[in-house]
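Lettering of chains follows the sequences in order, A, B, ..., and the numbering in each one begins at 1.
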Amino acid sequence: MAKIWLMKSEPDVYSIDQLIKDKTTWWTGVRNYQARNFMMKEMQLGDIVLFYHSNAEPPGIAGLAKVTTLAQPDPSQFDKKSESFDPKATAQKPNWFCVEVGFERKFKNLISLDELRKNSKLQNLLVLKKGQRLSIQPVEKTDYLEILKMEKK
DNA sequence: GCCAACGTTGGC
DNA sequence: GCCAACGTTGGC
């Protein structure tokens with residue numbers, strides 16, 4: 001069964017509108033081991049992605065994507081010009097991996113962090129926890145279904 | 001292996 | 001722009 005994930009992106013850097021244009025994108029630049037392990041070890045084809053706009057006005061869930069290719073070495077770790085360059089990584093022993101995600105649907109209205117907070121049914125949602133900086137988070141199915149309900153309101 | 005110092009994230 | 005919270009680094 002497909003798992004559900006929340007993936008953060010700063011819209012100034014990469015927004016859901018850009019994903020609409022690109023149709024798919026490699027989720028490069030993740031440099032946190034926990035987030036990497038989710039992509040590397042747990043994500044499966046067809047997993048659902050809640051596309052979250054962080055550092056945005058307002059922050060919130062902008063729409064849906066899905067995992068279209070399993071984890072591959074993140075090319076940005078080898079690119080000296082990239083901010084995500086990792087001098088310790090080699091082609092034989094890459095340190096970082098990324099999946100490819102494809103656009104599914106943009107919500108008519110962004111579901112803001114504020115709205116999510118106000119929904120008392122979403123107490124398990126990690127993004128609502130104080131100090132939760134992890135850029136890729138697992139989401140429980142019940143929470144996902146509840147979020148979809150919020151979209152229709 | 002501890003932990004202080006530092007860098008980053010991300011809401012506000 | 002501020003700063004709390006967190007992850008990582010590196011000296012010991």
Side-chain angles (χ1 to χ4, degrees), chain A residues 3-22 24-43 47-67 71-101 103-140 142-144 146-151 153:
Chain A
K3 294 195 179 98
I4 300 139
W5 306 94
L6 180 144
M7 296 174 83
K8 297 181 187 173
S9 183
E10 300 189 27
D12 289 348
V13 178
Y14 196 90
S15 68
I16 197 161
D17 290 323
Q18 190 61 45
L19 184 60
I20 291 173
K21 285 182 203 155
D22 295 343
T24 63
T25 192
W26 288 98
W27 208 267
T28 58
V30 169
R31 294 295 178 267
N32 170 286
Y33 287 106
Q34 211 181 335
R36 179 203 70 175
N37 289 343
F38 284 142
M39 288 198 282
M40 231 170 96
K41 299 178 176 169
E42 299 205 32
M43 284 196 186
D47 277 5
I48 295 159
V49 174
L50 301 173
F51 196 108
Y52 182 88
H53 280 175
S54 62
N55 255 323
E57 188 48 55
I61 300 169
L64 299 176
K66 70 176 175 188
V67 176
Q72 309 289 325
D74 177 346
S76 68
Q77 70 194 305
F78 308 123
D79 178 2
K80 283 191 178 145
K81 289 180 216 133
S82 167
E83 281 186 20
S84 305
F85 174 66
D86 181 351
K88 285 178 262 178
T90 63
Q92 289 72 34
K93 221 180 167 190
N95 207 7
W96 303 106
F97 288 76
C98 57
V99 296
E100 184 194 54
V101 303
F103 176 73
E104 279 287 300
R105 183 155 65 82
K106 183 180 174 179
F107 289 162
K108 270 197 208 104
N109 301 296
L110 176 129
I111 303 176
S112 70
L113 183 61
D114 200 41
E115 287 171 76
L116 294 168
R117 281 227 167 85
K118 283 178 181 157
N119 188 334
S120 59
K121 289 182 186 159
L122 296 178
Q123 285 173 0
N124 293 326
L125 198 65
L126 291 175
V127 78
L128 301 181
K129 296 233 163 84
K130 192 176 170 187
Q132 182 50 272
R133 305 186 311 174
L134 192 58
S135 67
I136 299 176
Q137 307 175 353
V139 174
E140 289 180 19
T142 48
D143 288 343
Y144 167 64
E146 184 61 28
I147 289 164
L148 290 187
K149 276 188 208 162
M150 293 173 73
E151 185 203 358
K153 280 175 191 164

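Contact annotation: A/Arg36 does not reach the phosphate of C/dG7 (side-chain N/O to OP1 or OP2, under 4.0 Å). Taking only side-chain nitrogens and oxygens, A/Lys130 never comes nearer than 4.0 Å to OP1 or OP2 of C/dA4.
In this structure, NZ of A/Lys129 is placed 14 Å from P of C/dG7, rounded to the nearest angstrom. What separates CG of A/Leu126 from C1' of C/dC6 is a distance of 14 Å, to the nearest Å. At whole-Å resolution of the value, CG in A/Leu125 and P in B/dG11 are 13 Å apart. Here the P atom of nucleotide C/dA5 and the CD atom of A/Gln137 are 17 Å apart, to the nearest Å. Straight-line distance from the NE2 atom of A/His53 to the P atom of B/dT9: 17 Å, rounded to whole Å. Spacing between atom CD of A/Glu57 and atom P of B/dG10 amounts to 16 Å, rounded to whole angstrom units. Taking atom CG of A/Leu134 as the reference point, atom P of C/dT8 lies 10 Å away to the nearest angstrom. Regarding A/Gln34, its CD atom lies at a distance of 7 Å from the P atom of C/dG7, rounded to whole Å.
Under the 4.0 Å criterion applied to side-chain N and carboxylate O atoms, A/Arg105 and A/Glu151 are assigned as salt-bridge partners. Using a 4.0 Å cut-off between charged side-chain N and carboxylate O, A/Glu115 and A/Lys118 make no salt bridge. A/Asp143 and A/Lys121 are not joined by a salt bridge, as no carboxylate oxygen comes within less than 4.0 angstrom of a charged side-chain nitrogen.
Between A/Tyr33 and A/Asn95 there is a side-chain heavy-atom pair separated by less than 4.5 Å.
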For the pair A/Trp27 and A/Phe51, evaluate ring-ring contact (aromatic ring centres under 6.0 Å, His included) and give the outcome as yes or no after the intermediate values.
CA-CA 12 Å; A/Trp27 208 267; A/Phe51 196 108; 5.6 Å; yes
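With B/dG11, C/dG7, C/dA4 as the choices, the nucleotide that has an atom nearest any side-chain atom of A/Tyr52 turns out to be B/dG11. Distances from the side chain of A/Tyr33 to the nucleotides C/dG7, C/dT8, B/dG11 place C/dT8 closest. Side-chain proximity of A/Arg133 to C/dC6, B/dG11, C/dA4: nearest is C/dC6. The side chain of A/Lys88 lies closest to C/dT9, out of C/dT9, B/dG10, C/dA5. Closest to the A/Leu113 side chain, of the nucleotides C/dA5, B/dC12, B/dG10, is B/dC12.
Using a 4.0 Å heavy-atom cutoff across all strands shown, A/Arg31 reaches no nucleic acid atom at all.
When the nearest nucleotides of DNA chain C are assigned to A/Asn32 and A/Asn55 by heavy-atom distance, the more 5′-ward of the two goes with A/Asn55.
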